K.L.:
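This is the structure, below, for whatever I ask next.
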Amino acid sequence: MESIFSKLQTVTENYYSGLSKLSIVPKRTVAEIKNYLESKDLVHGENIENTLEDILPWLQEGNIHVPHPGYFGLFNPATSFSAVVGDYLTALFNPQMAAYSHAQFSNEVEKLLIQFYIEKMNWPSHTTGHFTSGGSDANFTGVLCALTHHFPEYLTEGLIGLKAKPRFYVSMLAHNSFDKIAKNAGLGTSAVFKIPLNEDFSLNISALKNQIKIDRDHGYYPFLIVGTAGSTPIGSIDPLMELSEIAKKEEMWLHVDAAWAGGAIISPVIANQLQGIELADSVTADAHKWLSVPMGAGMFFCKYAETVYKTFQTEAHYMPSQNNNDPYQNSLLWSRRFIGLKVYMAFRVKGASNMAEDIEKQLYLADYLTKGLLKRGWKLPVNSALGVVVFTHEKIERFSSDELAAFHKRIIDHGNTWFSILKLKEKDYFRACITSIHTEEQHINQLFINLEEGLKQLPD
Ligand SMILES: *Cc1c(COP(=O)(O)O)cnc(C)c1O
């Protein structure tokens with residue numbers, strides 16, 4: 001034990017001090033990975049210190065290295081040490097969250113965090129919420145609760161028993177988890193209508209109104225509007241106030257998917273962007289995106305505890321019961337880990353106000369990136385307020401997808417910066433998102449250098 005802890009200490013210290021020197025793109029090929037794995041024995045067991053030494057290089061060089069300060073990729077943050085310790089303790093103590101009486105302390109910690117967010121969203125205090133495996137799980141829960149509210153009979157008879165076909169509405173930039181949800185909930189993907197965008201990529205409100213009317217005339221039952229507050233591709237925010245007005249008038253459920261930005265509502269700057277979130281019936285927010293905690297840590301919030309309970313209620317006589325208050329009766333998961341501890345540790349150790357400052361610094365860095373790109377002749381088709389920067393250049397604008405992918409690969413193969421390719425209205429762009437607590441101006445400057453070098457290699 002002693003020596004494994006001293007090894008882990010060295011690993012951790014080297015990890016934080018050497019983070020920026022690691023290659024973001026994997027150095028090991030898939031063939032090498034498979035060879036390595038095949039060469040190892042899972043049957044006889046071996047010493048833990050040796051095993052740790054042996055697998056570390058593969059963890060460092062076998063995956064895209066997302067905690068690197070030059071990783072401007074998908075919404076995967078670097079994790080703070082306090083949150084990592086929280087996750088370690090979760091695994092060590094392994095409380096069972098399903099039954100309240102089995103994990104009173106842990107359930108109370110999570111309730112406190114949920115209440116903390118409910119206050120930040122300006123929701124009434126009788127509202128409810130719980131931790132989920134992630135945003136997809138929380139979105140799924142939102143759709144199920146909306147179904148329960150509108151079609152209580154579906155809980156016993158299934159969707160097949162409904163007289164009218166349910167339909168729900170998302171923006172064309174909404175997260176694709178809604179397609180999966182529609183398939184898996186038994187609604188079918190034709191139940192999801194994707195509302196077109198305005199020129200500026202915002203959701204077209206009159207298109208939404210028209211579609212609801214057309215669908216009613218055709219015998220559909222419009223039951224749910226999903227507003228995205230921080231779209232995955234560009235960080236855009238749907239007009240939540242207007243969506244809420246439509247939802248009220250049409251007697252539909254409003255779910256706000258704030259998987260990306262919702263966790264960051266601890267920052268007043270972000271809270272200001274998310275105004276209107278208080279009008280939603282349910283909300284998704286991920287802690288594992290902008291709060292620098294390890295995956296997965298999603299949160300689901302709902303104004304109607306009774307609806308959530310009806311959606312998931314079941315009686316298991318082998319479970320210790322607690323007046324219908326048990327997490328297994330009020331959420332999709334059953335056995336599950338103490339997700340909230342890593343979030344709680346991050347808040348306790350760093351403090352919400354310091355974490356909010358980290359988020360605001362990342363917004364500043366996204367602005368620094370935006371201005372630097374414009375100064376260097378790059379074009380930005382859209383302005384995002386949420387740390388996402390979408391860009392292209394006249395030299396690459398008319399590239400085929402293959403040509404752009406080759407150009408992109410040449411740049412990210414330097415290993416010190418990483419960004420993604422994004423398709424928006426049939427056109428390819430680059431997308432960089434600043435999410436890391438380790439990112440500084442120097443890492444953005446490195447991206448400028450890499451991009452300029454890439455352009456220079458192109459024929460005029
Ligand atoms: C990431 C994301 C999701 C999915 O969340 P997971 O935690 O990856 O399951 C849903 N919606 C939006 C807007 C997202 O950015």
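Owing to the predicted nature of the structure, the values given are computational and were not obtained by experimental measurement. Sequential numbering from 1 along the given sequence is applied to the chain's residues. Each ligand, and each atom within it, is numbered from 1 in the order the structure gives.
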K.L.:
Within a distance under 4.0 Å of any heavy atom of Asp286, pick out the atoms of ligand 1 and give their elements.
P.N.:
5 (O), 6 (P), 7 (O)

K.L.:
Can you name the atoms of ligand 1, numbered from 1 with element, that are less than 4.0 Å from a heavy atom of Gly134?
P.N.:
7 (O), 9 (O)

K.L.:
Quick one: sort the Tyr304 and Trp253 rings into parallel, tilted or perpendicular, breaks at 30° and 60°.
P.N.:
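Judged by the thresholds at 30° and 60°, the geometry between Tyr304 and Trp253 is perpendicular.
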
K.L.:
Where does the angle between the aromatic ring planes of His68 and His443 fall among parallel (under 30°), tilted (30 to 60°) and perpendicular (over 60°)?
P.N.:
perpendicular

K.L.:
Please work out which of the three classes, parallel, tilted or perpendicular, describes the rings of Phe448 and Tyr368, given edges at 30° and 60°.
P.N.:
tilted

K.L.:
Should Ser136 be counted as touching ligand 1, given the test is an N or O pair under 3.5 Å?
P.N.:
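There is such a contact, yes.
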
K.L.:
Could you check whether Arg167 makes a cation-pi contact with Tyr220, meaning its NZ or CZ is under 6.0 Å from the centre of the six-membered ring and within 45° of the ring axis?
P.N.:
yes

K.L.:
Given Lys180, Met295, His288, Lys289, which has its nearest heavy atom closest to atom 3 (C) of ligand 1?
P.N.:
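Result: the heavy atom closest to atom 3 (C) of ligand 1 is in Lys289.
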
K.L.:
Should you measure from each heavy atom of Thr232, which atoms of ligand 1 turn up under 4.0 Å away?
P.N.:
12 (C), 13 (C), 14 (C), 15 (O)

K.L.:
So Lys303 and Asp281, salt bridge (Lys or Arg N to Asp or Glu O under 4.0 Å) or not? Walk me through it.
P.N.:
CA-CA 6 Å; Lys303 290 224 173 108; Asp281 296 302; 5.6 Å; no

K.L.:
What atoms of ligand 1 come closer than 4.0 angstrom to any heavy atom of Ala259?
P.N.:
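Here the atoms of ligand 1 in question are 2 (C), 3 (C), 10 (C), 11 (N), 12 (C), 14 (C).
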
K.L.:
Please work out whether the ring planes of Phe75 and Trp260 are parallel, tilted or perpendicular, with thresholds of 30° and 60°.
P.N.:
parallel

K.L.:
Go through the steps to decide whether Glu441 and Tyr364 satisfy the test side chain to side chain donor-acceptor pair (under 3.5 Å), and finish with yes or no.
P.N.:
CA-CA 10 Å; Glu441 279 180 11; Tyr364 159 76; 2.5 Å; yes

K.L.:
Which residue owns the protein heavy atom closest to atom 6 (P) of ligand 1, what's the atom, and how far is it?
P.N.:
Gly135 N, 3.3 Å

K.L.:
Quick check on contacts: which atoms of ligand 1 are under 4.0 angstrom from a heavy atom of Asn139?
P.N.:
10 (C), 11 (N)

K.L.:
Measure up the Trp418 and His408 rings against each other and bin them: parallel (under 30°), tilted (30 to 60°), perpendicular (over 60°).
P.N.:
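Perpendicular: the ring planes of Trp418 and His408 meet at over 60°.
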
K.L.:
Below 4.0 Å, non-hydrogen atoms only: which portion of Asp137 touches ligand 1? Side chain, backbone, both or neither.
P.N.:
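Neither; nothing of Asp137 gets under 4.0 Å from ligand 1.
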
K.L.:
Out of Thr232, Thr228, Asn139, which residue meets the side-chain hydrogen bond (donor to acceptor under 3.5 Å, both in side chains) rule with Asp257?
P.N.:
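For Asp257, the side-chain hydrogen bond (donor to acceptor under 3.5 Å, both in side chains) test succeeds with only one of Thr232, Thr228, Asn139, which is Asn139.
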
K.L.:
Quick test: of every protein heavy atom, which one is nearest to atom 11 (N) of ligand 1, and how far off is it to 0.1 Å?
P.N.:
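Checking every protein heavy atom, the shortest distance to atom 11 (N) of ligand 1 gives Asp257 OD2, 2.6 Å.
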
K.L.:
Give the numbers and elements of all ligand 1 atoms closer than 4.0 Å to a heavy atom of Phe75.
P.N.:
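Within the 4.0 Å cut-off of Phe75, ligand 1 contributes 15 (O).
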
K.L.:
Report the nearest protein non-hydrogen atom to atom 10 (C) of ligand 1: residue, atom name, distance rounded to 0.1 Å.
P.N.:
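Checking every protein heavy atom, the shortest distance to atom 10 (C) of ligand 1 gives His175 CG, 3.2 Å.
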
K.L.:
For Gly230, take its heavy atoms, then give the atoms of ligand 1 lying under 4.0 Å from any of them.
P.N.:
13 (C)

